[in-house]
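One structure is given here, and the rest of the page talks about it.
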Number of protein chains: 2
Amino acid sequence: MYSIGQFAKKTGLTVRALRFYSEKGLLEPCFISDAGHRYYNDASIETIQKIVTLKYLDYSLEEIEEVLRNEEQQLIESLRFQKLQLEKKRNQIDRVIASLDQAIEIGKRSEVIDTTIFLSVIFNLLKEDEQMDYLKSIVPDELVERIYDFYGMNIIESNQKYIDLANRLKQAYIQPIQDENLKSLIEQLFSLIPQDMVVELAEVLKDYNDIQFDEWLFPTPFTKEEEEWLMSQVERFGVYGGVDDE
Amino acid sequence: MYSIGQFAKKTGLTVRALRFYSEKGLLEPCFISDAGHRYYNDASIETIQKIVTLKYLDYSLEEIEEVLRNEEQQLIESLRFQKLQLEKKRNQIDRVIASLDQAIEIGKRSEVIDTTIFLSVIFNLLKEDEQMDYLKSIVPDELVERIYDFYGMNIIESNQKYIDLANRLKQAYIQPIQDENLKSLIEQLFSLIPQDMVVELAEVLKDYNDIQFDEWLFPTPFTKEEEEWLMSQVERFGVYGGVDDE
DNA sequence: ATAATATCTACCGTTACGTCAGATGCAACT
DNA sequence: AGTTGCATCTGACGTAACGGTAGATATTAT
């Protein structure tokens with residue numbers, strides 16, 4: 001017979017955890033003294049080995065209780081199910097890591113450090129699919145796919161350029177620069193998408209006058225004021241008649 | 001200005017979540033009416049996009065708050081750290097999946113369904129490293145490594161055979177079988193490790209009389225009674241003089 | 001007998017909200 | 001103006017698996 005402390009040492013679990021299992025009925029001590037002290041024996045070891053094993057396999061305590069009660073044989077089925085769950089988790093983590101990789105790569109190449117710009121770029125990476133669906137409800141599917149294909153192939157460079165341009169434009173709003181420089185920046189902004197696609201896009205959007213892209217789905221790093229200023233400059237320089245969104 | 005419900009729809013978050021962020025000071029509404037109703041504007045959208053982005057990247061709300069406060073530039077460093085954390089998580093999941101694979105493979109090949117036997121086998125798989133360390137404190141390192149090398153190369157088959165044998169032996173305890181059959185089972189049990197290693201092991205262990213292996217680290221699917229009975233039979237048949245542990 | 005250590009039973013805290021209950025508020029319709 | 005119906009509020013409890021503490025009692029060692 002072991003006291004709870006001895007048992008904890010032997011199994012590597014904490015006293016608190018053992019008490020918790022005792023409360024939950026997952027592992028009842030073989031004997032409880034009048035003073036309420038818990039004592040365990042070798043049979044307890046067998047049970048707790050099962051518990052530790054299943055915990056390692058990422059079973060919840062509730063699931064473990066079920067396995068311990070059901071001496072039935074769907075254990076292997078249950079293991080298969082468990083594996084599926086873990087694979088889902090892993091795939092999700094892989095997706096997030098991939099996003100982080102892209103973000104880090106983009107960040108490495110820009111000297112810029114503006115959190116707002118940077119996070120809006122990452123947000124766009126994440127919401128790409130939703131953005132496409134949304135755009136397809138307005139613009140012909142084929143055009144949307146063409147644009148995103150192009151974008152996808154230059155995703156790192158596009159975003160790096162975009163970040164730098166956005167940063168300079170925000171600067172230019174605070175501290176005005178020469179017209180020709182400003183015009184050049186705006187032209188570079190539009191050149192992120194090939195000219196023919198921009199023209200085509202402008203063509204389609206002409207039908208909807210004054211269309212507003214969903215400001216949730218298409219974040220820009222610009223404030224409302226900056227954005228209005230930017231649009232006015234675009235019109236002033238007459239670049240492609242006013243198409244703006246990335 | 002959006003009411004909390006409208007804002008929730010726009011952003012895809014729940015009303016409760018928005019209220020929670022409001023409480024935590026993570027995203028304060030731009031305006032709160034006398035009645036206490038929360039209203040949001042486009043500036044709120046910018047903030048919540050950051051929050052959503054960082055949440056996707058597996059930041060905790062506390063970490064997000066830090067990033068939002070610190071307009072400092074360690075964001076990319078922070079992303080790298082975040083990636084490291086996720087890679088650790090993923091590696092752990094990978095290890096567990098590998099264990100599950102082994103377990104499923106072993107389970108598939110045995111017709112046996114005894115949970116106790118099966119889980120003790122998996123536990124042994126998990127604790128292999130600790131077991132080796134423990135054994136090395138008693139038996140020469142080189143012998144331990146030789147045994148585990150052999151075991152590791154036949155891990156699936158060894159365990160499958162072990163499960164079947166353990167199952168039959170447990171049966172034989174309940175319902176006695178012919179001596180020659182029992183002897184055969186016991187011999188098969190010992191043949192799981194090559195004869196020469198068993199002999200060598202017995203040689204070393206002869207010095208310690210009546211050694212007890214840590215019953216936590218080396219679980220057997222047998223009860224104390226079954227185990228004693230098994231040992232007595234081993235001695236009766238004179239198989240290798242009484243070495244038992246797997 | 002006394003001191004030191006172990007154990008007990010509570011109860012609160014953690015994360016990021018979900019889920020009520022009961023009280024108001026607001027917009028629309030009669 | 002009154003009523004209906006929906007939106008929103010605060011406040012509280014629940015989640016999973018314990019960790020940490022306090023104050024009381026038990027066991028063990030000296």
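Note on naming: letters A, B, ... go to the chains in the order of the sequence lines (proteins, then strands), and numbering restarts at 1 for each one. Values below: every heavy atom of this structure, side chains too, minus hydrogens, waters and symmetry copies.
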**Q.** From D/dT27, C/dC17, C/dC8, nucleotide with atom closest to A/Tyr39 side chain
**A.** D/dT27
Q | Between P of C/dT15 and CD of B/Glu62, the distance in whole Å | A | 6 Å
Q.
Just the rounded figure in Å: distance from P of C/dG25 to CG of B/Asp34.
A. 10 Å
Q.
Within the 4.0 Å heavy-atom criterion, would you say A/Tyr21 contacts the bases, only the backbone, or no part of the nucleic acid?
A. sugar-phosphate
**Q.** Protein-nucleotide distance (B/Leu27, atom CG; C/dA16, atom P), rounded to Å
**A.** 16 Å
Q) B/Arg16 side chain: which of C/dG25, D/dC9, C/dG18 is closest? A) C/dG18
Q: Ignoring backbone atoms, establish whether A/Lys55 has a side-chain N or O less than 4.0 Å from OP1 or OP2 of D/dC18.
A: yes
Q) Distance check: side-chain N/O of B/Thr14 vs OP1/OP2 of C/dG18, anything under 4.0 Å? A) yes
Q. Starting at CZ of A/Phe20 and ending at P of C/dC8, how long is that distance when rounded to a whole Å?
A. 16 Å
Q. Do the ring planes of A/Tyr2 and A/Phe7 sit parallel (below 30°), tilted (30 to 60°) or perpendicular (above 60°)?
A. tilted
Q. What's the OH-C1' distance between A/Tyr56 and D/dA17, to the nearest Å?
A. 19 Å
**Q.** Any A/Arg38 side-chain N or O less than 4.0 Å from OP1/OP2 of C/dT7
**A.** no
Q. Looking at B/Leu27 and B/Ser44, what are the two nearest heavy atoms and their distance?
A. CD1-O, 4.0 Å
Q. OP1 or OP2 of C/dG25 less than 4.0 angstrom from a side-chain nitrogen or oxygen of B/Ser33, does that happen here?
A. no
Q) Can we say A/Glu62 and A/Lys24 salt-bridge, meaning some charged N sits less than 4.0 Å from an Asp/Glu carboxylate O? A) no
Q. When you match A/Ala35 and B/Ala35 each to their closest nucleotide on DNA chain D, which lands nearer the 5' end?
A. B/Ala35
Q.
Looking at every non-hydrogen atom in both residues, tell me the closest pair between B/Val121 and B/Asn159 and how far apart they are.
A. CG1-OD1, 3.3 Å
**Q.** Candidates D/dA17, C/dC8, D/dT27 - which lies nearest the side chain of A/Leu61
**A.** D/dA17
(Q) If we count only N and O atoms by modelled type, under 3.5 Å, do the side chains of A/Thr220 and A/Glu227 hold a donor and an acceptor together? (A) yes
Q. How long is the line joining CG of B/Leu18 and C1' of C/dA16, in whole Å?
A. 13 Å
(Q) Please pick, from D/dG19, D/dA26, D/dT8, the nucleotide with the shortest atom-to-atom distance to any side-chain atom of B/Arg19. (A) D/dT8
Q: When you get a sec, tell me which of C/dC26, D/dG19, D/dT27 is the closest nucleotide to the side chain of A/His37?
A: D/dT27
Q. What's the OH-C1' distance between A/Tyr40 and C/dA6, to the nearest Å?
A. 14 Å
Q) Using a cut-off of less than 4.0 Å, is there contact between a side-chain N or O of B/Ser3 and OP1 or OP2 of D/dT8? A) yes
Q. Whole-Å distance between C/dC26 C1' and B/Ile4 CD1?
A. 16 Å
